[in-house]
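Worksheet for the structure shown next.
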There are 2 protein chains.
Amino acid sequence: MSETATGGASGRDARIRLSDVAARAGVSNSTASLVLNGSGPASASTRQRVLDAAAELGYAGPDPRARGLRQGRSGIVAVVTEDALGDAFRDPINLAQLDGLADGLGDGGPSLLIIPGAADDPARVSSSPFDAAVLVGCGVGILDTLELLRRRRVPVIGLEAPHADGVAAIDLDNVEGARALAEHLRELGHHRVGIVTLPLGSRRTSGPLTPELEAAATAPSTSERLDGVRQVFPDAPGWIASASSIAAGYEAGAALLDGRGAEGVTDADGATLADDATGADGAKAASTRPTAILAQSDLIAIGVIRAAEERGLRVPDDLSVTGFDGIRVDGLTDHDLTTMVQPARAKGEAAGRAVLAALADPEAPAPDPVLFRTTLHRGATTARAGA
Amino acid sequence: MSETATGGASGRDARIRLSDVAARAGVSNSTASLVLNGSGPASASTRQRVLDAAAELGYAGPDPRARGLRQGRSGIVAVVTEDALGDAFRDPINLAQLDGLADGLGDGGPSLLIIPGAADDPARVSSSPFDAAVLVGCGVGILDTLELLRRRRVPVIGLEAPHADGVAAIDLDNVEGARALAEHLRELGHHRVGIVTLPLGSRRTSGPLTPELEAAATAPSTSERLDGVRQVFPDAPGWIASASSIAAGYEAGAALLDGRGAEGVTDADGATLADDATGADGAKAASTRPTAILAQSDLIAIGVIRAAEERGLRVPDDLSVTGFDGIRVDGLTDHDLTTMVQPARAKGEAAGRAVLAALADPEAPAPDPVLFRTTLHRGATTARAGA
DNA sequence: CTGTTAGCGCGTTCAT
DNA sequence: ATGAACGCGCTAACAG
């Protein structure tokens, strides 16, 4: 395979160019280009000579850089994340979305360029060539980056990203999903519930959820899910998870179960955990421990369950726990988690299709938001209160 | 922010180019280029005028495509995987490697272009611009792709990939690690052991491990780990996992524990499970069930444990189980797995450094392979046989 | 210090 | 059916 001196002007190390092939085949560059791209009309003999020449020289095809410049297109779609690479992919829900995205882009379609940490360093986004960008799981920290993308005239698709001018939005009805889940708990008779939220913004800190922090949440999915819960449990105390992970859920769950969530919701009086209607004072009776915890992701929920079990609490007998996402728990837990299942893969596919559409007609205005819905999965981690 | 008619020749939709900025600042293209790239010498007043012009026009910086062509460099490093995207990143060990790779490339460094499924479609690799490629977890199915990369004169770094001419290899001492683990089991008195292998090649099928299949294994880590085991248990029966996942491990574990591994290792006689020295016939006594299972990844091991527990077997009392990788079990299991810990992150970083080195001096020959070592973690999933 | 010139490698007109 | 010429947007040489 490695015949070195076959070619005509076989320079020691240079890459074979189209012009080399053309020269060897005795045709012009343009003819060779037409033949190799399959499109152009050419006599059978010419075609064959070009193909032979290419094979003999080991032509690797056109240089993607040059082709990209010429065609104004690089065949690359950027996946922009606020988080670091590891954090972004650790949650199966994001992987599922990426899988869907790859699918939606199709087989011969563009490849994915991963641009993590865009919030910290917006400039990363202007140094690489790509034809479209997909924002996944971003908060408003991404807005600077967005401005750059707009200047580059790059179509932008937002997967649960902040709505902004010209961004094709793929959304999830987080509000309704979270509300339904909270409703489910209330129907089961729970009044003292705790919340474990997703990270509020790009600041990955954990701690008690204060009204101020809650109001300042920047990530759409975080604040939407919180809004949904608030429609049912306006005063429930909460804890902010530092990430959507089991470990973070464990920490947060431990905090809530040990009563540390208290400071978050009350000002100065002794009331610690809210109930939904009677006011925070009525339930000051036997226990201040929540009877249910709404975790804003499945991974977090698993961590919460672990924290509960470690404290000798049985789920769901002593504590009901709900998740969010409906990830296929590849053996992550023995529990059949009550959760809202979201069509992550379909969301990714929709994003892929949106990319292709934007590429096909760059002049077209951003399409209307696409809204995906969640479905309640009644698992075995929720039960009637005080059972 | 969106003053539209400020610029001179503000064409309706065109992207602002360097020449627009230069014209507005009243300087030549090259001067503007020098100023914007920070490098060139320029008078303070000129510099300021150029910067002002760029700001006023909303110049987004040089077009990465054009810059890439001109400089012969795109600022992109490809991560090439044999598997589909989801399969490749589901295993935390690969994520850790990616994390390390991103680190090793440094902050202002190249971005990562994900190219999954390269074995199925080698051409994917020739359509996108990148300056170097990292092969992660590939078998020989990648060789066609490799040939293309060679033709493109792209430096290639192999992370546990097949050794080949010009590929900078980052290796792991899988053989020694697997041997040590097997040795550990033998020292504990285990004779009847079963093996659950990683997938043998790009064919993601599961089933009993036959000598023919074993000999035909194409993925380096798979066959090396198998080789290591064979130095201690030459005849142990095995089952091929369809992936490095808990689910696949569960299936394989179930198969071995139910005695289905049998056909794999024997020809026609009744002997089912091998012991290491006395030959397959001696142990036909009470039970043919293995007393220990060597799983070739931690995820697989967790699946095996689950299968065992479901059958009423206690780990490690009734069955010892070992893993491989030493992933941080973010709450994946309650067990403290006995396993070989590999420095996945460091491997990724080494790959990153190798990329930078290759980029710094493209003429340099491929460096010698870098070998990383595993360390035995004696967890709580192995115990003395027959205890 | 600044402007002029010349490509990077390719695809695509427009002639022939 | 084929070849010649041009330019995508930028930067690296050289002149001035």
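Keep in mind it's a predicted model, so treat the numbers as computed, not measured. Every chain is numbered from 1 and lettered A, B, ... according to where its sequence line falls, protein lines coming before strand lines.
Dashed line: the shortest gap from a side-chain N or O of Y59(A) to OP1 or OP2 of dC10(C) is under 4.0 Å. Not one side-chain nitrogen or oxygen of S30(B) sits closer than 4.0 Å to the OP1 or OP2 atom of dT5(C).
Taking CG of L159(A) as the reference point, atom CG of L101(A) lies at 7.5 Å (rounded to 0.5 Å).
A residue-by-residue look at A66(A) and S45(B) shows that S45(B) has its nearest nucleotide of DNA chain C further toward the 5' end.
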Compile the donor-acceptor pairs under 3.5 Å between side chains in residues 345-361 of chain B and protein atoms, sequence neighbours left out, one pair per line.
from	atom 1	to	atom 2	distance (Å)
R345(B)	NH2	D103(B)	OD2	2.9
K347(B)	NZ	Q97(B)	OE1	2.6
K347(B)	NZ	E160(B)	OE2	2.5
K347(B)	NZ	Q342(B)	OE1	2.6
D361(B)	OD1	E363(B)	N	3.1
D361(B)	OD1	A364(B)	N	3.4

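The nearest whole Å value for the distance from the CZ atom in R15(B) to the C1' atom in dC8(D) is 12 Å. The CZ-P distance, from R73(B) to dA12(D), rounds to 12 Å in whole Å. A straight line from CG of N29(A) to P of dT12(C) spans 14 Å, rounded to a whole angstrom. In this structure, the CG atom of L34(A) is 10 Å from the C1' atom of dA1(D), given to the nearest Å. Here the P atom of nucleotide dG9(C) and the CZ atom of R152(B) are 13 Å apart, to the nearest Å. For the pair N37(B) CG and dC10(D) P, the computed distance is 10 Å after rounding to whole Å. Taking atom CG on L36(B) and atom P on dA12(D), their separation rounds to 13 Å, with Å as the unit. The nearest whole Å value for the distance from the CZ atom in R47(A) to the C1' atom in dA1(D) is 12 Å.
Minimum atom distance to the side chain of R70(B) is reached by dG9(D), of the listed dG3(C), dG9(D), dT12(C). When each of dC10(C), dC8(C), dA4(D) is scored by its nearest atom to the side-chain atoms of S28(A), the top-ranked nucleotide is dA4(D). Of the candidate nucleotides dC8(C), dG3(D), dC10(C), dC8(C) has the atom lying nearest to any side-chain atom of L69(B). Counting only heavy atoms from C-beta on, L18(B) has its side chain closest to dT11(D) among dT2(C), dT11(D), dT2(D). Comparing dG9(C), dT2(D), dC1(C) against the side chain of T46(A) picks out dT2(D) as the nearest. Taking every side-chain heavy atom of Q71(A) into account, dT12(C) is the closest of dC8(C), dT12(C), dC10(D). Proximity note for R67(A) (side chain, C-beta onward) versus dC10(C), dT2(D), dG9(D): the nearest is dC10(C). Checking dC1(C), dT2(D), dC10(C) against every side-chain atom of S43(B), the shortest atom distance belongs to dC1(C).
Ionic pairing of R17(B) and D20(B) is present here: one or more N-O contacts between side-chain nitrogen and carboxylate oxygen are shorter than 4.0 angstrom. With respect to the salt-bridge test (charged N to carboxylate O, under 4.0 angstrom), the residues R65(A) and D131(B) qualify.
Checking S28(A) against T31(A) by side-chain atom types alone, a donor-acceptor pair falls below 3.5 Å.
Among the heavy atoms of the strands lying under 4.0 Å from R17(B) are primed sugar atoms or P, OP1, OP2 only; no base atom is included.
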